[in-house]
Amino acid sequence: MNYFSYLRQKILEVLLKLEKDEVIPKGLNHSHITVEFPRDPKHGDLSTNAALVLAKLAKLKPSDLAGLIIEHLTLLPEVNDAEAAGPGFINIRLSSNFWWDRLREIVADGTNYGNSDIGRGIPVNIEYVSANPTGPLHVGHARGAVIGDALASILSKAGYNVTKEYYINDAGTQVDVLARSLYLRYQECHGAKIEQMPDGLYPGSYLVDIAKLLKEKDGDKWMSASEKEWLAPFRKFAIDAMMDLIREDLDLLGVRHDHFSSERIMVEKGRVNEVVKFLEGQGLTYTGILEAPKGKKLDDWEERPQTLFRSTQFGDDIDRPIKKSDGNWTYFASDMAYHLDKFKRGFFEMIDIMGADHGGYIKRMDAAVNALTQGQGSLDVKLCHMVNLMENGKSIKMSKRSGAFTKLRDVLDLVGKDVVRFIMLTRKNDAPLDFDLRKVMEKSRDNPVYYVQYSHARCHSVLRHAKEVFEKLELTPDAIEKAPLELLSDSGELLLIKQMAAWPRTLENAAEAREPHRIAYYLIELSGTFHALWTKGAKEDTSLRFVTDNNKPLTLARLVLVGALASVIASGLQVIGVEPVKEMK
RNA sequence: GGCCCCGUAGCUCAGCUGGAUAGAGCAUCGGAUUUCUAAUCCGACGGUCACAGGUUCGAAUCCUGUCGGGGUCACCA
């Protein structure tokens with residue numbers, strides 16, 4: 001359980017009682033009442049601002065109101081004592097029994113501990129990666145992939161009904177370029193010489209392999225064909241091969257989508273036409289001429305009438321074109337159709353994970369969702385900032401042109417999936433992230449991946465060691481039930497329990513704020529508390545050792561503690577897709 | 001020029017959606033190793049939360065403006 005919301009509920013009950021007794025007026029707004037960690041642990045386990053928030057409305061002094069609340073709070077069995085402090089906070093100390101009960105709860109729930117139902121089964125669609133099918137993934141894509149995937153797990157654990165989706169941009173001119181690039185490689189396979197890849201085509205060597213496959217399949221059947229004939233089949237072959245490649249990359253990263261949507265199919269089914277017709281019916285389109293953008297020099301700028309969407313009616317800065325000069329729909333138009341499609345599939349809540357370079361796109365997409373769903377659908381766009389790939393403090397430039405183009409697969413080979421996933425979450429998504437290849441491989445305190453994995457491995461090391469010392473020591477449900485947890489009274493031990501007990505709240509907060517990085521930070525902190533307790537037992541006070549040779553009951557209680565910790569860490573790592581290893585190699 | 005993001009310790013960053021004396025890691029300095037795996041721990045040093053106003057019991061957090069850094073700005077996707 002989330003003990004913060006549990007205690008908050010208890011406080012609200014006290015307030016109702018006070019209302020009933022006509023000590024305070026009825027119908028006060030409780031929404032600003034919070035229950036949280038006091039900044040200073042000396043202030044107790046929990047702190048609430050209830051008296052501060054309500055004092056004015058109740059026409060009482062904060063300290064007086066606090067006194068009234070405290071009177072009732074101290075009657076609760078889980079509350080040891082409560083006192084007013086500072087400008088009117090109420091500091092609450094919970095009983096040790098309460099904490100030992102939390103420990104039992106953790107062990108009983110295993111990695112399900114922290115599951116929540118705040119999502120109430122609401123369907124949420126989260127779209128991420130959606131990289132163009134024109135080449136393998138690079139490191140920048142990995143950030144969106146990891147953030148999206150972790151967020152999906154978090155929301156799912158918090159009780160939402162999550163669908164993970166990938167939108168394949170297989171309809172624009174870029175995929176024609178891809179087809180042409182493939183055709184050149186195909187010709188090359190049949191002996192033609194390519195001095196240099198023409199400008200604008202994709203030079204990547206991955207197309208060479210695909211051309212070979214195509215040669216095996218079709219032989220020289222396309223060599224004398226006209227572009228009109230080969231373009232479509234080459235495009236399809238290339239896109240399929242690229243998507244296979246991308247799926248392989250994602251698989252290596254441990255990312256799996258539930259659903260792949262194709263832009264091309266969307267267009268072919270006439271979905272874009274439907275959307276535009278709908279907007280026309282609403283009077284939300286018109287033919288107009290946009291002004292040239294300021295601050296950006298465009299040599300080939302020419303004024304031209306375009307079909308525009310009145311996105312300004314929904315908060316956008318300018319109206320946006322939905323039809324290109326060649327008569328095709330813009331990318332924006334098909335993206336509108338795609339989001340409407342998601343909505344029609346039952347997703348009122350949509351999340352898009354995009355790169356920071358798409359920042360300017362949010363307002364128009366938000367406007368579109370608003371217009372198309374008549375305000376019923378909501379779109380939350382999470383922007384992922386740049387990944388600055390480095391080696392020993394020096395930036396490695398990422399570009400498809402230069403040879404230094406850094407493929408995700410190469411980085412995964414080098415450092416492994418766990419490192420990539422964890423490091424991507426060590427910064428909030430809207431800040432740039434440094435990813436230093438050398439640093440993330442270090443096995444030291446600097447490297448949070450190892451720090452956290454080590455704490456998990458250490459737990460298992462303790463459990464293994466205990467089995468050697470005590471024969472027939474099994475953590476069976478019965479043994480756990482009977483374990484004398486009241487022996488866990490050291491401040492370090494209690495602190496560890498308290499932090500573990502905060503896991504459900506951390507998870508719920510991460511889900512509500514949609515901020516996966518909070519999980520990573522929580523795990524680092526929790527690991528730190530454990531390492532400290534471990535060293536305290538190893539050095540300062542050997543009576544704190546988890547495995548105490550001549551004291552089986554005490555050892556048993558501590559093994560419950562260590563086992564619980566292992567399961568909370570494992571649960572946290574699972575949520576962000578990192579392997580909870582039992583041994584460090 | 002418009003829009004979006006960022007500005008917190010020498011460096012890299014957290015800060016639980018407005019709470020009490022602003023926290024970690026790195027770096028620097030000083031300690032702990034016959035280990036339940038030191039891939040770890042303990043201590044010291046270090047801040048005008050960019051700046052100026054405003055909102056209120058209370059601001060790193062919300063609002064306005066200024067400065068600085070990054071991204072982005074028809075037809076591409």
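Throughout, a chain's letter reflects where its sequence line sits, starting with A, and its residues are numbered from 1.
For the pair M354(A) CE and U72(B) P, the interatomic distance rounds to 14 Å; values are reported in whole Å. Whole-Å rounding puts the H456(A) NE2 to A39(B) P distance at 19 Å. What separates CD of E525(A) from P of G15(B) is a distance of 11 Å, to the nearest Å. Rounded to a whole Å, the OH atom of Y361(A) is 13 Å from the P atom of A74(B). Distance, N551(A) CG to C36(B) C1': 15 Å, rounded to whole Å. Summarising the geometry, the separation between CD on Q174(A) and P on C76(B) is reported as 11 Å, rounded to the nearest angstrom. For W534(A) and U40(B), the CH2 to C1' distance is 7 Å, given to the nearest whole Å. Rounded to whole Å, atom P of C57(B) lies 11 Å from atom CG of L57(A).
In this structure, G537(A) reaches the bases: a heavy-atom distance under 4.0 Å links it to at least one base atom across the strands shown. Residue A538(A) is classed as a base contact, given a heavy-atom separation below 4.0 Å to a base. Using a 4.0 Å heavy-atom distance criterion, A510(A) is classed as making no nucleic acid contact. Among the protein residues, D319(A) comes within range of no part of the nucleic acid, since none of its heavy atoms lies under 4.0 Å from any strand. Residue Q306(A) is classed as a sugar-phosphate contact, given heavy-atom separations below 4.0 Å to backbone atoms only. T330(A) comes within 4.0 angstrom of sugar-phosphate atoms only, judged by non-hydrogen atoms across all strands, and of no base. Residue A502(A) is classed as having no contact, given no heavy-atom separation below 4.0 Å to the nucleic acid. Residue-level contact check: A513(A) touches the bases, meaning some heavy atom is under 4.0 Å from a base atom. Across all strands, H358(A) comes closer than 4.0 Å to base atoms (heavy-atom distances).
Both tests hold for R310(A) against Y286(A): distance to the six-membered ring centre under 6.0 Å, angle to the ring axis within 45°.
Annotation: the span from I246(A) atom CD1 to M243(A) atom CE amounts to 5.0 Å, rounded to 0.5 Å.
The phosphate of C41(B) (OP1 or OP2) has a side-chain N or O of Y451(A) nearer than 4.0 angstrom. Distances shown here put every side-chain N or O of K539(A) at or beyond 4.0 Å from the OP1 or OP2 atom of U33(B). Under 4.0 angstrom from either OP1 or OP2 of A77(B) there lies at least one side-chain N or O belonging to T173(A). The shortest distance between the side-chain N/O atoms of H517(A) and the OP1/OP2 oxygens of G15(B) is below 4.0 Å. In this structure, R445(A) does not reach the C26(B) phosphate: none of its side-chain N or O atoms is under 4.0 Å from OP1 or OP2. Side-chain N/O atoms of K324(A) include one lying less than 4.0 angstrom from OP1 or OP2 on C76(B).
Between Y451(A) and H531(A), the ring center distance clears the sub-6.0 Å criterion.
We find that D352(A) and K382(A) are not joined by a salt bridge, their nearest charged nitrogen and carboxylate oxygen being 4.0 Å or further apart. The pair R518(A)-E515(A) counts as a salt bridge, with a side-chain nitrogen and a carboxylate oxygen less than 4.0 angstrom apart. The pair R364(A)-D335(A) does not count as a salt bridge, with every side-chain nitrogen at least 4.0 angstrom from each carboxylate oxygen. A salt bridge links D81(A) with R93(A); the closest basic N to acidic carboxylate O contact falls under 4.0 Å.
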Inset, instruction - Give the dot-bracket string for RNA chain B, reading 5' to 3', where a pair is Watson-Crick or G-U wobble with both distances under 3.5 Å, ( ) marks pairs inside the strand, [ ] marks pairs crossing earlier ones, | marks a partner on another strand, and . marks unpaired. - result: (((((((..((((.....[...)))).(((((.......))))).....(((((..]....))))))))))))....

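Under the rule for a ring-ring contact (aromatic ring centres under 6.0 Å, His included), the partners of F260(A) that lie at least two apart in sequence or sit in another chain are Y166(A), H257(A).
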Legend entry - Heavy-atom protein contacts under 4.0 Å, nucleotides 3-13 of chain B, coded B base, S sugar-phosphate only, - none: S-SS-----SS

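Sparse packing is recorded around NZ of K467(A), with 12 or fewer heavy atoms of other residues, nucleotides or ligands lying under 6.0 Å away.
Remark: the N169(A) side chain and the Q174(A) side chain contain no N/O donor-acceptor pair separated by less than 3.5 Å.
To the nearest whole angstrom, the two C1' atoms, one in C51(B) and one in A59(B), are 16 Å apart.
Taking only side-chain atoms of Y454(A), from C-beta outward, the nucleotide of A74(B), U40(B), G71(B) with the closest atom is U40(B).
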